[in-house]
Amino acid sequence: MCNRYRIEVEFDELWHAARPHCDMTNRANPTTEVFPDKPGPVIRNTAEGERELVNLTWGMPSPPFVTKGKPDYGVTNIRNVDSPHWRRWLAPQYRCIVPWTAFCEYGDTKPKKTARWFALDKSEPLAFFAGIWTPWKGERGSMKNPRGGDHELFGFLTCNANEIVKPIHPKAMPVILTEPAEIELWLTAEWKDAKQLQRPISAESMTLLPLEGAQQELVI
């Protein structure tokens, strides 16, 4: 699953592409690398029927049988949208789009796994993941460093891997939105229509970035 991605874009470009009505980030340049249980920018619907750019914590609430009363690290990627746990957050008021320019999967190399990065092309243009979000009250983090209180959380949907991602991560890839019509459909349509977007983007629309510089990073 995708548990690491980056966004390298100027604020004005993101604002123009996503067209939110309100900015809760104080025009901060959304250039960052995002990890689980850390903040990342999203564009979400508001109760007033508008859209806002805001920083939320990556990782939706885990099912109770997973946490067993311990602090929740969150679920970053959502696949089984038929599960009652996820169905409550599929209405338009809980949908969001997550900006990205490259996402990471780890190749099963020896003796250590290799971080491989995917983008729409080598210039790493802006695109969006199809996301969901929710307010949540409880303890986040770890037993050693719990963070109690009120939180606002997000995650994004996954689907079957396409032919670009499959050799590195055969099980799944993020649901990617690139066209304004797809973004509008995701943020506004009834679920019976929006769910059609839970499909892999064509392999011709993506690239595996070469192993250069920081992309040669290895992990255990």
Side-chain angles (χ1 to χ4, degrees), residues 1-9 14 17 30-42 55-63 66-67 72-81 83 86 96-132 140-142 153-179 182 186 197-220:
M1 297 296 189
C2 175
N3 278 319
R4 181 181 178 188
Y5 68 93
R6 64 177 177 240
I7 173 172
E8 296 184 359
V9 66
L14 176 58
T31 297
T32 186
E33 194 163 319
V34 186
F35 293 90
D37 204 37
K38 302 298 182 184
V42 310
N55 288 319
L56 306 183
T57 300
W58 188 18
M60 289 288 283
S62 301
V66 173
T67 57
D72 188 10
Y73 197 64
V75 180
T76 56
N77 301 167
I78 296 94
R79 179 72 176 272
N80 182 16
V81 292
S83 164
W86 301 119
C96 62
I97 53 174
V98 183
W100 66 281
T101 52
F103 70 88
C104 180
E105 300 286 5
Y106 290 98
D108 192 17
T109 52
K110 305 295 183 182
K112 297 179 179 180
K113 293 185 178 182
T114 305
R116 300 305 309 268
W117 290 88
F118 299 88
L120 296 187
D121 61 46
K122 291 183 180 179
S123 70
E124 300 186 29
L126 175 65
F128 297 91
F129 299 133
I132 58 176
R140 291 283 295 193
S142 65
L153 313 173
F154 79 96
F156 46 77
L157 270 58
T158 61
C159 56
N160 292 332
N162 65 21
E163 296 306 312
I164 292 291
V165 176
K166 191 177 295 184
I168 306 297
H169 193 273
K171 292 184 178 181
M173 65 176 289
V175 173
I176 295 170
L177 310 176
T178 60
E179 300 295 331
E182 294 175 333
W186 179 251
L197 294 170
Q198 193 181 17
R199 77 289 180 263
I201 192 173
S202 69
E204 293 76 18
S205 300
M206 282 184 59
T207 189
L208 174 63
L209 297 174
L211 282 169
E212 295 180 356
Q215 295 170 359
Q216 293 178 337
E217 176 185 359
L218 299 179
V219 298
I220 296 175

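What you see is a predicted model; the values in this text were computed from it and never measured.
Proximity of a side-chain donor or acceptor of T76 to a complementary backbone N or O of G155 within less than 3.5 Å is not detected. A donor-acceptor pair under 3.5 Å is absent between the side-chain atoms of W186 and the main chain of L177, judged by distance alone.
In this structure, G131 and V98 approach most closely via the heavy-atom pair CA-CG2, 4.3 Å. Looking at every heavy atom in both residues, L126 comes nearest to A17 through CD2-CB, 3.7 Å. Closest heavy-atom contact between V75 and P63: CG2-CD, 4.4 Å. The nearest pair of heavy atoms linking Q198 to R79 is NE2-O, 3.0 Å. Summarising the geometry of P174 relative to C159, their closest heavy-atom pair is O-SG, 4.1 Å, with the distance given to 0.1 Å. Summarising the geometry of P30 relative to L14, their closest heavy-atom pair is CG-CD2, 3.6 Å, with the distance given to 0.1 Å.
With sequence neighbours excluded, the residues that form a side chain to side chain contact (heavy atoms under 4.5 Å, CB included) with T178 are L120, A127, I176, E182, I201. Applying the side chain to side chain contact (heavy atoms under 4.5 Å, CB included) criterion to T101, with sequence neighbours excluded, gives R6, E8, E124. K166 is linked by a salt bridge (Lys or Arg N to Asp or Glu O under 4.0 Å) to E163, counting only residues two or more places apart in sequence or in another chain. Applying the side chain to side chain contact (heavy atoms under 4.5 Å, CB included) test to T67 and every residue at least two apart in sequence or in another chain returns S62, D72. Partners of N55 by side chain to side chain donor-acceptor pair (under 3.5 Å), not counting sequence neighbours: none found. Looking at residues two or more places apart in sequence or on another chain, you find a ring pair (Phe, Tyr, Trp, His ring centres under 6.0 Å) between F118 and F103.
In this structure, F156 and I78 have side chains that are not in contact, with every pair of non-hydrogen atoms separated by 4.5 Å or more. At least one side-chain heavy atom of T57 sits less than 4.5 Å from a side-chain heavy atom of R140. The shortest distance between side-chain heavy atoms of I7 and T31 does not fall below 4.5 Å. In this structure, E105 and C2 have side chains that are in contact, with non-hydrogen atoms separated by less than 4.5 Å. A 4.5 Å side-chain heavy-atom check between P61 and L153 finds at least one atom pair inside the cut-off. Looking at I132 and C96, their side chains never come closer than 4.5 Å, going by heavy atoms from C-beta outward. Looking at heavy atoms from C-beta onward, R116 lies in side-chain contact with L211 at the 4.5 angstrom threshold.
To the nearest 0.5 Å, atom CG of residue N3 and atom CG of residue D37 are 11.5 Å apart. Considering NZ of K122 and CG of L208, their distance stands at 10.0 Å, rounded to 0.5 Å. Here the CZ-CH2 distance, from R4 to W58, works out to 10.5 Å after rounding to the nearest 0.5 Å. For the atom pair CD1 (I97) and CZ (F128), the distance works out to 4.5 Å, reported to the nearest 0.5 Å.
Centroid-to-centroid, the aromatic rings of Y5 and F35 stay 6.0 Å apart or farther.
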- Task: Evaluate the side-chain hydrogen bond (donor to acceptor under 3.5 Å, both in side chains) criterion for residues T207 and D121: first the C-alpha distance (whole Å), next the side-chain angles of each, then the deciding distance (0.1 Å), finally the verdict.
- Result: CA-CA 5 Å; T207 189; D121 61 46; over 6 Å; no

- side chain to side chain contact (heavy atoms under 4.5 Å, CB included) between M173 and M206, intermediate numbers included: CA-CA 12 Å; M173 65 176 289; M206 282 184 59; 3.6 Å; yes

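Looking at N77 and T158, their side chains never bring a donor and an acceptor atom within 3.5 Å of each other. Neither side chain, N162 nor R199, offers a donor N or O lying under 3.5 Å from an acceptor on the other.
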